[in-house]
Protein chains: 2
Amino acid sequence: MSMGNNYELYKVFYWAAKTGSLSQAAKVLYLTQPSVSHAIKQLEESFGLSLFYRNAKGVELTQEGAVLYSYIEQSQILITLAEEKMAALKNLDSGELRIGGSDSLFKHYLLPYLEQFHEAHPGVKLHLNHGTTPEIMAFLKEGRIDLGVVRMPIVDSQLEVKESFQLQDCFVAGARYADLKDEMLSLERLLQHPIILFSRNSRARMTITELFQSYGYSIKPEIEVGSVDLLIEFARRGLGISYVTREFVSKELEDGSLFEVRLDVPLPPSHVGILTMRNMPVSSAASAFIRLVR
Amino acid sequence: MSMGNNYELYKVFYWAAKTGSLSQAAKVLYLTQPSVSHAIKQLEESFGLSLFYRNAKGVELTQEGAVLYSYIEQSQILITLAEEKMAALKNLDSGELRIGGSDSLFKHYLLPYLEQFHEAHPGVKLHLNHGTTPEIMAFLKEGRIDLGVVRMPIVDSQLEVKESFQLQDCFVAGARYADLKDEMLSLERLLQHPIILFSRNSRARMTITELFQSYGYSIKPEIEVGSVDLLIEFARRGLGISYVTREFVSKELEDGSLFEVRLDVPLPPSHVGILTMRNMPVSSAASAFIRLVR
DNA sequence: GTTACCCATAGACACGGTCTATATCTCCTG
DNA sequence: CAGGAGATATAGACCGTGTCTATGGGTAAC
């Protein structure tokens, strides 16, 4: 008989050797004793070697059987570990979740979800990659992250976009401009004050630039800053009027250190979307996180 | 779906991951592509996890799939090694052969066979355990040797006895007793000369003692020695007449340094038998050796 | 002697692994 | 842009084989 066995036979062999009894092995494997007997016989015939001594008390490995066992034992242990590991991955007791997004979204919006997820699944390692929207999209396509959280709209045939939540950008000012608090400003009037914008090529920056252009104006910031924190801080200190996401300054709006500057034209809401690869399976950790956020 | 897969699926998974293609895996495993596709699907459903990304070029491991692979790869390699090892054992390119026997049998009779066997199967390690017949029998029953080579007769229900070759014990003397060369001695006449016997409780010693008793005589050695080599050496130096196995002194008989002292009664031949455990499989190395000797 | 436990064997059945045929998708090429 | 090549997925049928029950034989222990 030739080599190239059904690997199932090794499982039977493993338990027969481990328990020293074909009957015991049968119990462990939920088989009958004749099935185990037959399986061992198949192995022995395939090798042309005897693997066990049979006696009244059970079976005992022959010299050759002991050699086989030394290999098969390790192999079976690895498979068992693999199955346990897969179960852990499935249950989110293990694994990792790699999310891409902008710094500000992480800090001001996703943080509670991340905390909640980590608390529920402490075994899952979180990897947060921040970057611009195009970078996030590239990371996704390279397989370096499992999902991306970015501002809409996104048009990319390779990506699956789930609209998640809505953010409202707005202009805010501090005490220095308190006289604007009860006013409803036109764009022209707004532009008479110093404007503070985010410096990087963010979607928010592009959106507001386009909006002013559509009304025939050009918005040129007095100050450009590199982080949402600075946008807020500069507005509070009265250096100008900042264009920020309202949800990111809810604390300041509440305690009165900032107030919203109302305009006579509507500012379009911006949507945040969750990106995954289209037609590709989503890891269970990622889908659990998406379920949590939506 | 629950855990506890058919391990055969892991073989399919291994090759699919290794080749990065279900079609290639199918070729390697002599299956069709749909079979492989189906097998992978079963695994994925059993874990509740996706293992591969499918694309137009083939398949690629997901994060979870890569985790599984890290375990399964080792496992499969071990199984492959195990199968190679078993083939080597079967072909006698590997393994060990443990033989029990008396020192003199090893030295004077089995040596050429051992050399021949070692030359034919250099990969098989030889373990030679010497001891008395009862010790050899005990070794066998304890599983410490694969076969024993001892003088017959042996009566033991647990042991399988194969008669192997025949030895003829005889009395030999050196030049000092040259006058006996052409004579045919009676037992009585023999006993007038100093006799040299093996001191240990060997079967040969027992046999000759019984023989003399059956004729009404009692044989009492002038000298007792502890090895066959000394039996020969003492006889050559004229210290007496030694009782030895003729085959062990063939060299000395040929070159004339010893001659056989002929008796007027026949000395019974002694048989050498090969012992193995009854109703227990014999290792392929052992059965190859037995085939060689007989 | 008898019991109780092992393993081996024989024969029947049913499940599932494998096949063929076909569909669908993507990439590449002319 | 159409079409071919090559990848995987799906559907359905069949055959092989792994498993079962029933039974036999052997050994150890009481």
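Lettering of chains follows the sequences in order, A, B, ..., and the numbering in each one begins at 1.
Look at CD on A/Glu60: it is 15 Å from C1' on C/dC7, rounded to the nearest Å. Residue B/Phe52 contributes atom CZ, which lies 19 Å from atom C1' of C/dC25 at whole-angstrom precision. Taking atom CD1 of B/Ile40 as the reference point, atom P of D/dT10 lies 14 Å away to the nearest angstrom. What separates CD of B/Glu45 from C1' of C/dG16 is a distance of 14 Å, to the nearest Å.
Listed by first and then second residue, the ring pair (Phe, Tyr, Trp, His ring centres under 6.0 Å) pairs that reach into residues 22-43 of chain B come to none, sequence neighbours excluded. Residue pairs satisfying the ring pair (Phe, Tyr, Trp, His ring centres under 6.0 Å) criterion with at least one member in residues 274-294 of chain B, sequence neighbours excluded, are listed as follows: B/Phe117-B/Phe289.
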In residues 85-92 of chain A, what donor-acceptor pairs under 3.5 Å come from side-chain atoms, sequence neighbours left out?
{"unit_1": "A/Lys85", "atom_1": "NZ", "unit_2": "A/Ser94", "atom_2": "OG", "d": "3.1"}
{"unit_1": "A/Asn91", "atom_1": "ND2", "unit_2": "A/Ala87", "atom_2": "O", "d": "3.3"}

Taking distance alone, no hydrogens or angles, what donor-acceptor pairs closer than 3.5 Å link side-chain atoms of residues 48-62 of chain B to residues at least two apart or in another chain?
{"unit_1": "B/Arg54", "atom_1": "NH1", "unit_2": "B/Glu44", "atom_2": "OE1", "d": "3.3"}
{"unit_1": "B/Arg54", "atom_1": "NH1", "unit_2": "B/Glu44", "atom_2": "OE2", "d": "2.9"}
{"unit_1": "B/Arg54", "atom_1": "NH1", "unit_2": "B/Phe52", "atom_2": "O", "d": "3.2"}
{"unit_1": "B/Arg54", "atom_1": "NH2", "unit_2": "B/Glu44", "atom_2": "OE1", "d": "3.0"}
{"unit_1": "B/Asn55", "atom_1": "OD1", "unit_2": "B/Lys57", "atom_2": "N", "d": "2.9"}
{"unit_1": "B/Asn55", "atom_1": "OD1", "unit_2": "B/Gly58", "atom_2": "N", "d": "3.0"}
{"unit_1": "B/Thr62", "atom_1": "OG1", "unit_2": "B/Ser50", "atom_2": "O", "d": "2.8"}
{"unit_1": "B/Thr62", "atom_1": "OG1", "unit_2": "B/Leu51", "atom_2": "O", "d": "3.3"}
{"unit_1": "B/Thr62", "atom_1": "OG1", "unit_2": "B/Glu64", "atom_2": "N", "d": "3.4"}
{"unit_1": "B/Thr62", "atom_1": "OG1", "unit_2": "B/Gly65", "atom_2": "N", "d": "2.9"}

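Looking at residues two or more places apart in sequence or on another chain, you find a side chain to side chain donor-acceptor pair (under 3.5 Å) between B/Lys18 and B/Tyr14. Evaluation of the salt bridge (charged side-chain N to carboxylate O under 4.0 Å, His left out) rule for A/Glu142 yields A/Arg144 as partners, not counting sequence neighbours. Under the side chain to side chain contact (heavy atoms under 4.5 Å, CB included) criterion, A/Ala26 pairs with A/Val36, sequence neighbours left out. For the side chain to side chain donor-acceptor pair (under 3.5 Å) test, no residue two or more places apart in sequence or in another chain qualifies with B/Gln74. Partners of A/Ser284 according to the side chain to side chain donor-acceptor pair (under 3.5 Å) rule, which considers only residues two or more places apart in sequence or in another chain, do not exist here.
Side-chain N/O atoms of A/Arg54 include one lying less than 4.0 angstrom from OP1 or OP2 on C/dA8. For A/Lys41, a side-chain nitrogen or oxygen approaches OP1 or OP2 of C/dT9 to under 4.0 Å.
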Reading nucleotides 16-27 of chain D from 5' to 3' and marking B where a protein heavy atom lies under 4.0 Å of the base, S where only the sugar-phosphate is that close, and - otherwise, the string is --SBBBB----S

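Near-neighbour residues of DNA chain D inside residues 16-25 of chain B, defined by a heavy atom below 4.0 Å, number-ordered: B/Ser21, B/Leu22, B/Ser23.
Taking the screw axis at each terminus of the helix from C/dG1-D/dC30 to C/dG30-D/dC1 from five consecutive base pairs, the angle between the two is 30° to within rounding of 10 degrees.
With 3.5 Å as the limit, one finds no donor-acceptor pair spanning the side chains of A/Glu135 and A/Asn129. One side chain, A/Tyr10 or B/Glu83, offers a donor N or O that lies under 3.5 Å from an acceptor on the other.
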